[in-house]
A.B. asks: 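Dumping the structure here so I can ask a few things about it.
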Amino acid sequence: MTARPPERPEPLDAGLAAAQEALVRAMTAGGPLPDGFDAGDVAAAARAILGKRAGDTARAWPALAASYGGGWTDAFAAWAAERPTRGSLRDGWDFARAHHADLPAAARTELAVAEARWSYGGDREPRRRLLAVRRVPGGLAVQVRGRLRVVRRRTMV
Amino acid sequence: MTRPPGTPGGGPGGPGGPGGLGIGIGWRPEISGFVGGLPGLGFTEVIAESVHLGHPPRDLLALRDRGVRIVPHGVRLSLGGAEPVAPERVAHLAACAEALGAPLVSEHVAFVRAGGIEAGHLLPVPRTRASLDVLTANIRRTQDGLPVPLAVEPIAALFEWPDAEYDEGAFLTELLERTGALLLLDVANVYANARNRGEDPAALLDRLPLERVAYCHVAGGAERGGRYHDTHTAPVPRAVLDLVGELCARRRPPGLLLERDGRYPPAAELRAELDAIAAAAGMDPVTAPGPAAGAA
């Protein structure tokens with residue numbers, strides 16, 4: 001029997017728990033499809049969830065999504081297909097970090113502002129910072145106790 | 001002063017039922033102004049997980065104060081999950097009900113996570129005795145923590161589990177009998193499932209205990225790749241309105257609520273959709289002042 005993390009309670013039904021976990025892994029984490037399911041139907045449901053996640057992430061990260069134009073849903077879905085959601089804030093954050101080099105200025109500014117507001121190591125929920133300064137394209141993002149200003153240099157570099 | 005019921009047939013939905021609710025629309029921040037501007041609105045619904053109890057949306061409190069009934073609608077309790085429902089999630093749902101003066105709360109016959117992995121949406125449960133046992137245990141735990149009745153909603157699903165031991169009607173009927181929960185019947189989900197399975201949607205209506213319906217959802221969807229998706233981002237199709245009519249011919253529910261979750265149309269289109277639902281159900285429209293409006 002595998003050890004369970006302490007924060008997760010014992011299941012009410014171990015067999016059903018295992019069956020549900022296998023299905024969720026197949027739909028979100030690249031796991032094999034359990035026996036007896038219709039592969040086309042499950043794939044359609046998984047794809048619908050990716051579309052919903054893309055929409056939720058676009059609402060949390062509008063500049064990031066806008067930088068992909070009409071290709072956002074496909075780009076996000078390709079990246080997220082085997083990454084289970086950790087909420088739209090973290091999904092967008094992880095996506096933006098993974099694609100940082102390719103992002104236009106507006107999306108990089110959005111990411112820098114988030115980095116200035118929150119401390120996020122990638123493995124736990126983001127936490128608010130009291131004070132931070134981050135470089136953004138053309139200036140600095142300065143955050144003090146939740147109040148944020150973006151200071152632009154006079155000449156864009 | 002007692003409120004007149006929203007409909008002639010809209011008595012209590014069952015023992016402890018919420019009574020007549022009339023026509024409603026789901027409250028979302030993006031359409032808050034529209035919802036608040038509906039003069040005859042009898043009830044609305046808010047996604048429970050979106051409510052910060054420290055600072056609930058002011059517009060929502062204004063609706064509560066003018067007598068609009070607000071139903072907290074949970075989406076992440078995972079009542080059908082094989083793990084016990086999380087006490088802090090039940091507590092949040094209960095606190096939402098208290099803060100909003102809710103007549104009832106609602107959740108889904110579904111699971112949303114397993115083994116610590118979030119699925120990202122509502123997933124169907126197998127229609128087996130083991131699954132019924134788990135749902136029963138989780139619904140009872142939830143009911144024990146709530147100050148108001150719980151209604152549970154069968155979901156739209158694009159796939160089914162193998163080896164079902166019950167058909168959908170028998171499964172839901174036994175669940176409601178075991179738990180005493182009310183039914184939140186989503187007419188669009190009934191339509192979507194029947195269409196994708198090649199079945200007659202009206203046939204399921206004959207297999208469900210309609211006297212236990214607390215209220216109904218109505219929504220639009222879209223066909224993609226040969227499957228009907230219940231997206232809540234498109235107009236309500238004529239076939240769903242027809243099914244509302246079929247339902248009301250059997251037994252009129254205490255309330256019907258339009259769900260819209262994106263691609264919000266102009267106000268005139270939303271008003272027309274609400275009026276079309278009211279017409280299909282034979283209820284008073286909420287887009288004009290009516291007897292169901294909260295008295296000043």
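No hydrogens, no waters, no symmetry mates; every other heavy atom, side chains included, goes into these values. Small disclaimer: the values here were computed from a predicted structure and weren't measured.
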A.B. asks: Check V136(A) against A112(A) and note the closest heavy-atom contact, atom names and distance.
C.D. replies: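 Reported closest heavy-atom pair: CG1-CB, 3.3 Å.
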A.B. asks: Ignoring hydrogens, what is the shortest heavy-atom contact between A219(B) and A188(B)? Give both atom names and the distance.
C.D. replies: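 Closest pair (atom of A219(B), atom of A188(B), distance): O-CB, 3.4 Å.
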A.B. asks: Side chain, backbone, both or neither: which part of D91(A) has a non-hydrogen atom closer than 4.5 Å to chain B?
C.D. replies: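 Nothing of D91(A), per the 4.5 Å heavy-atom cut-off to chain B.
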A.B. asks: Do L123(B) and V112(B) come close enough that some side-chain heavy atom pair is under 4.5 Å?
C.D. replies: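 No; the side chains remain at least 4.5 Å from each other.
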A.B. asks: Can you tell which part of I117(B) gets under 4.5 Å to a heavy atom of chain A, answering side chain, backbone, both or neither?
C.D. replies: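 Contact with chain A: backbone and side chain both.
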A.B. asks: Sort A137(B) into side chain, backbone, both or neither according to what part of it lies under 4.5 angstrom from a heavy atom of chain A.
C.D. replies: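 Side chain of A137(B) only, per the 4.5 Å heavy-atom cut-off to chain A.
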A.B. asks: Just checking, any donor-acceptor pair under 3.5 angstrom between side chains of D102(A) and Y68(A)?
C.D. replies: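 The criterion, which ignores hydrogens and geometry beyond distance, is not satisfied for Y68(A) and D102(A).
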A.B. asks: Starting from the C-alpha separation in whole Å, work towards a yes-or-no answer on salt bridge (Lys or Arg N to Asp or Glu O under 4.0 Å) for E49(B) and R89(B).
C.D. replies: CA-CA 9 Å; E49(B) 287 82 356; R89(B) 293 185 185 279; 5.1 Å; no
A.B. asks: In terms of heavy-atom proximity below 4.5 Å to chain B, should R86(A) be classed as side chain, backbone, both, or neither?
C.D. replies: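 Answer is neither: R86(A) stays 4.5 Å or more from chain B.
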A.B. asks: Is chain B contacted by the side chain of L23(A), its backbone, both, or neither, given a heavy-atom distance below 4.5 Å?
C.D. replies: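 When you check distances to chain B, only side chain atoms of L23(A) fall under 4.5 Å.
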A.B. asks: Given the options P126(B), G262(B), G120(B), which has more heavy-atom pairs under 4.5 Å with chain A than any of the others?
C.D. replies: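 Counting heavy-atom pairs under 4.5 Å, the top option is G120(B).
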A.B. asks: Which region of A18(A), side chain (C-beta onward) or backbone (N, CA, C, O), has a non-hydrogen atom less than 4.5 Å from a non-hydrogen atom of chain B, or is it both or neither?
C.D. replies: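 Neither part.
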A.B. asks: Please report the shortest heavy-atom distance between G81(B) and N138(B), naming the atom on each side.
C.D. replies: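 What the structure gives for the nearest pair is O-ND2, 3.1 Å.
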A.B. asks: With only heavy atoms counted, which part of I49(A) is less than 4.5 Å from chain B, the side chain, the backbone, both or neither?
C.D. replies: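 The side chain, not the backbone.
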